[in-house]
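To start, the structure under review is shown below, and the notes come after it.
Numbers restart at 1 for each chain; the letters A, B, ... are given by sequence-line order, proteins then strands. Being a predicted model, the structure only gives us computed values, none of them experimental. Worth knowing before you read on, the calculation uses all heavy atoms, side chains too, and leaves out hydrogens, waters and symmetry mates.
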2 protein chains.
Amino acid sequence: MLDERRATILRAVVEGYIETAQPVGSGHVARREGVAVSPATIRNEMVALEQEGYLSQPHTSAGRVPTDKGYRFFVDSLVGPGELDAARRQQVKSFFASTHGALEDMLLSTSQLLSNLTDYAAVVVGPPHEQATIRSVQLVGLGARTGLVVAVLSNGVVEKATIDLADETGDERLAAATAHLSKCLVGGTLAALPEVSASGDVLLDDVCATSVRALSAGHETEPDHVYVGGASRMAVAFDAVETVRRVLGTLEQQYVVVGLLRDVMDRGLSVAIGTEHGLEPLAECSVIVAPYTIEGEPAGTIGVLGPTRMHYPQALAAVAIVSRRLGRRLSEG
Amino acid sequence: MLDERRATILRAVVEGYIETAQPVGSGHVARREGVAVSPATIRNEMVALEQEGYLSQPHTSAGRVPTDKGYRFFVDSLVGPGELDAARRQQVKSFFASTHGALEDMLLSTSQLLSNLTDYAAVVVGPPHEQATIRSVQLVGLGARTGLVVAVLSNGVVEKATIDLADETGDERLAAATAHLSKCLVGGTLAALPEVSASGDVLLDDVCATSVRALSAGHETEPDHVYVGGASRMAVAFDAVETVRRVLGTLEQQYVVVGLLRDVMDRGLSVAIGTEHGLEPLAECSVIVAPYTIEGEPAGTIGVLGPTRMHYPQALAAVAIVSRRLGRRLSEG
DNA sequence: GGATGGCAGTCAGTACGATCGAGTGCCAGC
DNA sequence: GCTGGCACTCGATCGTACTGACTGCCATCC
C-alpha cells in the first residue's frame with residue numbers, strides 16, 4: 001500500500017498525464033494543488049514509485065508516465081465514479097425518453113449514446129440467446145427449394161436459418177412441419193434443442209430435423225450480437241496510425257469483442273487496464289464494463305473502450321448511468 | 001480529348017502517384033516504359049495538362065499530382081477493369097464455395113471478402129425491402145403487455161417490430177390477429193401496406209392496426225441494411241489522422257453510406273472519384289460500385305471505398321467478380 | 001533524519017544555416 | 001517540334017548549437 005504522500009503524487013502524475021498526454025515532471029506535480037512539498041522531494045518519491053512499478057520513464061531526462069499498475073491503483077483507490085455534467089445527464093434522459101423500436105435498434109443507438117457521452121468507442125452486447133426460451137417457430141417457403149426457419153425468442157430476438165428443401169415440399173407440408181416443430185421446440189431454449197420426435201411421416205421428420213440442425217448451427221457460429229458505436233473516435237485517441245489500425249481491426253471482429261467483455265465480467269472487474277485483459281492488440285486500451293439487467297435478471301453488458309489514459313471518472317459514471325437506465329427501459333418492455 | 005502522347009504522360013503520372021504517393025516529376029515519367037521523349041518535352045506537356053485541369057502542382061519545385069479530372073480520364077479512357085491474380089481468384093472461389101447461412105451473414109462476410117481482396121473498405125447493401133413481397137406475418141406475445149410482429153419477406157429478410165398490447169390480449173386473440181393479418185398482408189409489400197379490413201371485432205382490429213403501423217414505421221425509419229467490412233483499412237490509407245476520423249465517422253452513418261451508393265448508381269456511374277459524389281467528408285476518397293442481381297432482378301449494390309489514389313484496375317476487377325458471383329450464389333438460394 | 005535548495009548532467013525538441021537534390025521554366029540550337 | 005542546357009526554386013536533410021525540462025545526487029538546514 002502507498003503512503004499518503006506517494007498516493008497524492010501518483011494521483012497528480014496520472015491526472016496530469018491524462019490531461020496532457022505528456023510525461024509529467026516533478027515541477028508540474030509541485031505546482032498542483034494539494035501537493036505542499038518541493039520538487040526535489042517529489043523527485044525522491046517518484047524514484048520510489050518507479051521502483052515499485054507505478055511509474056515509468058520514457059527516457060532519462062523526461063517526466064514520468066503511469067504504468068498499468070499505476071492506473072490500477074488510481075482507479076481502485078484514488079478516484080470514485082465521478083458525476084456526469086448536467087448537459088450529459090440531460091442527453092441520457094432525453095435519449096431514453098424518446099427511444100423506441102426493436103431491441104436491436106435500441107441497443108445500437110445506446111452504443112452511439114455511450115460513445116457520444118464519453119468520446120470513446122462504446123460496445124453493447126445484447127441478451128444472450130442461451131437463456132431465452134423459444135416463443136414461436138415457423139417454417140416459411142422462399143424459393144422453390146429454399147425455406148426459412150424463424151424462431152422468436154422470449155427476449156424479442158428473432159433467430160433465423162435458411163434450409164434446403166426437397167422438391168416436393170409444398171405449403172401444406174410446411175404448415176404441418178411448423179406445427180410439429182412448434183410442439184417440440186416452444187418453451188425450450190436454443191442452447192438445448194431437443195431431438196424432434198418422430199411423427200410417422202418420413203419426409204416431415206426430415207424437414208424438421210434439418211430445421212433444428214440449421215437453427216442450432218446458426219446459433220453456435222454466431223454468438224451474442226454486439227453493437228459497436230463511435231469506433232472512429234479511436235482514430236484521434238492514438239497518434240500512431242498503426243495502433244489505430246490494430247485497435248479498429250480488433251473492434252471489427254465481433255467475437256473477439258464479445259469474448260473480451262465476457263472475460264472482463266467473468267473476472268468480476270469493472271475496469272480492465274492495458275494488458276490486464278490479455279488482448280495483445282488492445283494493450284494500449286482500457287475497457288470499462290457494466291452489466292445491465294432486465295427485470296432483475298442479468299441480460300447483457302455495455303462497455304467503453306478508450307486509451308489507457310482515458311478519463312476514468314467520467315467514463316465510469318457514463319457507463320453506470322447508461323447501464324442502469326438501459327435496464328430500466330428494457331424492463332418496461 | 002487528349003493527344004495520345006499527353007494521355008501516355010497522364011497515365012504515367014497517375015500510375016506513378018498511385019504507386020508512390022509522391023508527386024511525380026518529368027524525370028520519373030521519362031524513365032517509364034512507353035514514353036520515348038525527353039524530360040524537357042514532358043515538362044512542356046505537363047504544363048498543358050495542368051492548364052487543362054488534369055494535373056496540379058503542390059508547390060513550385062515539385063512534381064505533378066493528378067486532379068479528380070485526371071483520375072477520371074484515367075479510369076474512363078486509359079485502363080480497363082484488370083484481372084485478379086490467381087491467389088485472389090482462388091480466394092473468391094473458395095469463399096463462395098464454402099459460404100452458407102442466412103442472407104445477412106452472407107452479405108456481411110461478402111463485405112469482408114471484398115475488403116480483403118482490395119485492401120480497402122468494402123460495402124454491401126442488401127436487397128431493398130420495397131420490392132419483396134410478404135410471405136408470412138406472425139404476432140407473438142413477449143411480456144405481459146408487449147408483442148412482436150414478425151414479417152418474413154420473399155427475399156429471406158425478416159422484419160420485426162415491437163408493439164404495446166392491451167392487457168386483455170391473450171394467446172388465442174394473438175392467434176386470431178395473426179390469421180387476420182396474414183390474410184390481409186401476405187402477398188403485398190412493406191412499402192404499400194394496405195389498411196387491414198374490419199373483422200367485426202374491435203379489439204382485434206385495434207391490434208392489427210397497431211401491428212401494421214409498427215411494421216410500416218420500422219420499415220421507413222430503417223432503410224436497407226448495409227454491411228461495412230474492413231473500415232480499419234482506411235486508417236492506413238491516409239496519413240492525416242483527421243481525415244481518417246472523418247472518413248470512418250462517415251462510414252458509421254449507415255444511411256449516408258446507403259445514400260452514397262444509391263446516388264452513384266442512379267447516376268449510372270461505376271466509379272465516383274473524389275468530390276464527384278458530393279460527400280464533403282469523403283472528398284479524398286473514390287467509390288467503386290456494382291449492382292448484383294438475384295435471378296436476373298437487380299437486388300443490391302456492393303462497393304469499395306478507397307483513397308482517390310486507389311488501385312483502380314484491381315479494385316474494379318474485384319468488385320466485378322464479387323458482384324457477379326454473389327448474385328449467382330444468391331440466385332441458387 | 002527527513003525535507004530542501006543547489007548543481008551538474010542528460011536528452012528531446014527547436015531553430016538555424018548550409019547543402020542537396022528533385023523538379024521546373026525558359027531558351028537556343030539541332 | 002524536340003532536345004539539351006541552364007538558371008532558379010524550394011522542400012527535405014543534416015549538423016550544430018542552443019534551449020528547456022527533466023533527473024539524480026549531495027550538502028545543508030530545520
Report yes if some heavy atom in the side chain of B:Leu305 is under 4.5 Å from a heavy atom in the side chain of B:Tyr120; otherwise report no.
-> no

Whole-Å distance separating the CD atom of A:Gln57 from the P atom of D:dG24 = 6 Å

Is the closest basic N to carboxylate O distance between B:Glu280 and B:Arg246 below 4.0 Å?
-> no

Kindly say if B:His59 contacts the phosphate of C:dT24, meaning a side-chain N or O under 4.0 Å from OP1 or OP2.
-> no

Do B:Arg309 and B:Glu19 sit within salt-bridge range, that is, some charged N less than 4.0 Å from a carboxylate O?
-> no

SB check B:Glu276 B:Arg72 (cutoff 4.0 Å) | yes

From the options C:dT4, D:dC10, C:dG25, select the nucleotide whose nearest atom is closest to the side chain of B:Val47.
-> C:dG25

Is any side-chain nitrogen or oxygen of B:Ser61 closer than 4.0 Å to OP1 or OP2 of D:dG11?
-> no

Can you check the B:Arg5 CZ to D:dC2 P distance for me, whole Å?
-> 4 Å

Hey, is the side chain of A:Arg64 poking within less than 4.0 Å of OP1 or OP2 on D:dC22, counting only N and O atoms?
-> no

Is B:Lys69 salt-bridged to B:Glu52, cutoff N-O under 4.0 Å?
-> no

Toward the 5' end of DNA chain C, which comes first, A:Arg43 or B:Gly63, by nearest nucleotide?
-> A:Arg43

Given D:dT3, is OP1 or OP2 found less than 4.0 Å from the side-chain N or O atoms of B:Ser38?
-> yes

Rounded to the nearest Å, what distance is computed from the CE atom of residue A:Met46 to the P atom of nucleotide D:dA21?
-> 15 Å

Could you state the atom-to-atom distance from CG of A:Leu49 to P of D:dG24 in whole Å?
-> 12 Å

Nucleotide C:dG23, atom P - distance to CD1 of B:Ile42 in whole Å = 11 Å

Phosphate contact (D:dT23 OP1 or OP2) by A:Ser26 side-chain N/O below 4.0 Å | yes

Rounded to whole angstroms, how far apart are CZ on B:Arg31 and P on C:dA22?
-> 8 Å

How close or far is atom C1' of C:dC26 from atom CD of B:Glu45, stated in whole angstroms?
-> 16 Å

Return the 5'-most residue of the pair A:Ala40, A:Gly27 with respect to DNA chain D, ranking by each residue's nearest nucleotide.
-> A:Gly27

Hey, which of these two, B:Ala36 or B:Thr60, hits DNA chain D nearer its 5' end, going by closest nucleotide?
-> B:Ala36

Between D:dG1 atom P and B:Arg6 atom CZ, what is the distance in whole Å?
-> 11 Å

